[in-house]
Amino acid sequence: MMSAATALRNPRRYFEDVGAERSATAEKPPVCLYLEVTNRCNLLCETCPRTFETLEPPADMSWALFTRIIDQVPNIARVVLHGVGEPMLVKDLPRMIRTLKDRGTYVLFNTNGTLMQPKKFRALIDTGLDELRVSLDAADRQSYARIRGKDFFDRIVRDVGKFVAFQEETGAATPRVSLWLTGLKETIAQLPAFVRLSASMGIREVHLQRLVFDEPGYGMASAEHSLFETTQAEEQAAIAAAQALGAELGVTLDASGATEPGLSLQRPSEDQPWSACRRPWSLMYFTAHGRALPCCIAPFSVRGYSHYTLGDATQQTLREIWNSPAYRDFRAALLSDTPPAPCRNCGLRWSL
């Protein structure tokens with residue numbers, strides 16, 4: 001099996017390796033935790049379920065719950081500190097990161113970038129955070145406001161750019177900063193401009209993320225806005241142009257899951273695309289309230305957490321949850337012709 005160090009460079013390959021031997025029972029413990037440190041957010045994104053429904057009561061993950069979870073897996077290789085909320089709203093976030101880094105864990109989170117004030121730069125760097133993913137989702141102010149529900153575009157571009165400049169001035173190698181765009185029909189043509197914007201901000205890594213949505217859809221998270229299965233020639237041309245521009249400007253362009261951007265928008269050829277997923281054998285996801293979910297994609301794939309809750313970290317140990325009847329039934333269904341509801345429309349190439 002790949003080492004944990006190699007996993008940090010190629011997490012998708014590592015998680016696939018961990019889950020290579022699959023049955024209803026997981027023979028090995030998880031190698032990654034997704035901890036939803038908050039379900040609160042300061043935006044109203046048209047692609048996010050929390051804009052349209054109450055998933056759980058608003059809350060930040062308590063310090064007691066955070067430590068209860070991580071103390072049960074002291075050698076965990078990787079922790080992702082985000083879910084459906086904005087992590088930088090959480091007062092304890094720096095303390096959480098430092099605690100994990102003191103244990104040698106690789107730590108990252110996704111942010112909307114609205115709270116990247118200069119006064120926070122040094123503190124964020126000093127936590128030892130490995131990776132900072134900034135979801136911007138548009139290359140211009142008007143598109144951003146339409147997708148995100150508020151007009152913070154200029155502030156984010158300014159402050160995230162200042163953060164990268166501060167890193168360069170101070171010689172800080174981490175966190176590694178990347179810029180993310182969800183592939184929508186409304187914005188895919190902006191991909192070359194997005195790459196150029198990234199370069200102007202000093203960010204050398206851009207990711208095209210595929211939209212995941214449930215059947216009824218809500219807001220812009222619906223089939224009519226998705227590129228999945230319907231990528232047209234002009235959209236493929238935009239991807240090719242962005243890749244060429246990236247090569248010129250020194251910006252790498254990947255799709256979520258470290259795949260080639262065009263491939264990430266296409267349906268896999270196999271009859272059971274869900275069957276290749278390794279997440280229920282490699283990672284655990286906990287909401288701010290301690291509810292165990294199969295992965296970070298599930299809240300976007302089907303409505304109502306009751307359909308796929310696998311345990312409760314406030315009442316059970318992680319060991320009890322990991323191979324509980326609910327988890328075993330979920331894994332068994334994923335290996336069958338009738339997968340769990342969150343998995344039916346999920347693609348293979350999502351970010352880890």
Side-chain angles (χ1 to χ4, degrees), residues 15 18-19 21-40 49-50 53-85 87 90 92 96 99-100 103 105 109 212 214 274 277-336 338-344 346 350 352:
F15 293 164
V18 168
E21 298 297 328
R22 296 175 301 157
S23 65
T25 299
E27 300 298 332
K28 298 175 182 177
V31 295
C32 176
L33 294 178
Y34 276 71
L35 302 182
E36 183 183 84
V37 293
T38 187
N39 59 23
R40 299 182 300 119
R50 67 169 305 284
E53 60 178 323
T54 300
L55 301 171
E56 286 187 320
D60 296 348
M61 181 175 283
S62 69
W63 182 254
L65 178 56
F66 173 78
T67 54
R68 172 183 167 86
I69 292 172
I70 66 170
D71 284 350
Q72 295 177 62
V73 282
N75 297 317
I76 195 74
R78 182 179 176 95
V79 173
V80 181
L81 296 176
H82 65 238
V84 298
V90 179
D92 278 333
M96 292 172 168
T99 299
L100 290 166
R103 302 179 183 199
T105 303
F109 68 84
V212 170
D214 67 358
W274 61 83
C277 180
R278 302 303 199 263
R279 289 172 179 81
W281 291 268
S282 59
L283 62 85
M284 300 182 82
Y285 178 110
F286 293 99
T287 70
H289 290 272
R291 186 191 298 261
L293 305 180
C295 67
C296 65
I297 309 171
F300 296 83
S301 302
V302 65
R303 301 187 186 189
Y305 284 172
S306 61
H307 296 295
Y308 49 91
T309 294
L310 302 177
D312 184 348
T314 69
Q315 305 297 319
Q316 302 165 275
T317 67
L318 269 61
R319 183 183 295 273
E320 290 169 340
I321 296 170
W322 189 231
N323 277 310
S324 65
Y327 238 116
R328 293 200 306 271
D329 288 348
F330 189 94
R331 294 189 186 105
L334 188 62
L335 295 172
S336 75
T338 55
C343 309
R344 290 172 195 157
C346 179
W350 189 261
L352 294 171

Looking only at atom types and distance, does a side-chain atom of Ser336 sit under 3.5 Å from a main-chain N or O of Thr338, one as donor and one as acceptor?
yes
Using only atom types and a distance under 3.5 Å, with no angle test, would you say the side chain of Arg68 pairs donor to acceptor with the backbone of Ala313?
yes
Could you tell me which residues satisfy ring-ring contact (aromatic ring centres under 6.0 Å, His included) with Tyr308, sequence neighbours excluded, listed by chain and number?
Tyr305
Using a 3.5 Å distance criterion without hydrogens, assess whether the side chain of Arg50 forms a donor-acceptor pair with backbone atoms of Asn39.
yes
Exercise: identify the closest heavy-atom pair between Thr309 and Arg291:
OG1-NH1, 2.8 Å
Correct closest heavy-atom pair for Pro49 and Pro299 would be CG-O, 3.6 Å
If the condition is ring-ring contact (aromatic ring centres under 6.0 Å, His included), which residues does Phe66 pass it with, not counting sequence neighbours?
Trp63
Do Met284 and Phe286 have side chains that get closer than 4.5 Å, going by heavy atoms?
yes
Residues two or more places apart in sequence or in another chain: which of them pass side chain to side chain donor-acceptor pair (under 3.5 Å) with Thr67?
none
Do Tyr285 and Pro294 have side-chain heavy atoms sitting under 4.5 Å apart?
no
The side chain to side chain contact (heavy atoms under 4.5 Å, CB included) partners of Thr25 (sequence neighbours excluded) come to Ser23, Glu27, Asn323, Arg328
Can you pull out every salt bridge (charged side-chain N to carboxylate O under 4.0 Å, His left out) where at least one residue sits in residues 305-318? Sequence neighbours excluded, please.
none
Under 3.5 Å donor-acceptor, Trp322 side chain and Lys28 backbone
yes
List the residues meeting salt bridge (Lys or Arg N to Asp or Glu O under 4.0 Å) with Asp329, not counting sequence neighbours, and say none if there are none.
none
Mind checking salt bridge (Lys or Arg N to Asp or Glu O under 4.0 Å) for Arg319 and listing every partner two or more places apart, or none if nothing turns up?
none
Does the Arg78 side chain pair with the main chain of Leu33, one donor and one acceptor, at a distance under 3.5 Å?
no
Do any N or O atoms from the side chain of Arg22 and from the backbone of Cys277 form a donor-acceptor pair under 3.5 angstrom?
yes
Heavy atoms only: give me the nearest Arg331-Pro280 pair and the separation to one decimal.
NE-O, 2.8 Å
Please enumerate all residues that pass side chain to side chain donor-acceptor pair (under 3.5 Å) together with Asp60, with sequence neighbours excluded.
Thr38, Arg40
Gap between atom CG of Asp71 and atom OG1 of Thr99 - 0.5 Å precision
9.0 Å
What orientation do Tyr34 and His82 show, parallel under 30°, tilted 30 to 60°, or perpendicular over 60°?
perpendicular
Looking only at heavy atoms, what is the nearest atom pair of Phe330 and Cys343, with distance?
CZ-SG, 3.6 Å
Could you verify whether a donor N or O on one side chain and an acceptor N or O on the other, from Thr287 and Glu36, lie under 3.5 Å apart?
no
Side chain to side chain, Val37 and Met96, heavy atoms closer than 4.5 Å
yes
Within the 4.5 Å heavy-atom criterion, are Pro342 and Ile297 side-chain neighbours or not?
no
If we only count heavy atoms from C-beta on, is the Cys296 to Val80 side-chain gap below 4.5 Å?
no
Without swapping roles, check the side chain of Glu320 against the backbone of Thr317 for a donor-acceptor pair under 3.5 Å.
yes
Tell me, do Val73 and Pro29 make a side-chain contact under 4.5 Å, heavy atoms counted?
no
Thr54: partners by side chain to side chain donor-acceptor pair (under 3.5 Å), with sequence neighbours left out:
none
Is the shortest side-chain heavy-atom distance between Leu293 and Leu310 below 4.5 Å?
no
Which residues pass the side chain to side chain contact (heavy atoms under 4.5 Å, CB included) test with Thr105, sequence neighbours left out?
Ile76, Val79, Leu100, Arg103, Val107
Measuring only between side-chain heavy atoms, which start at C-beta, is Met61 closer than 4.5 Å to Ile69?
yes
Over all atoms of both residues, closest heavy-atom pair of His289 and Leu65:
C-CD2, 3.8 Å
Non-hydrogen atoms of Cys295 and Arg279 that approach each other most closely:
CB-CD, 3.8 Å
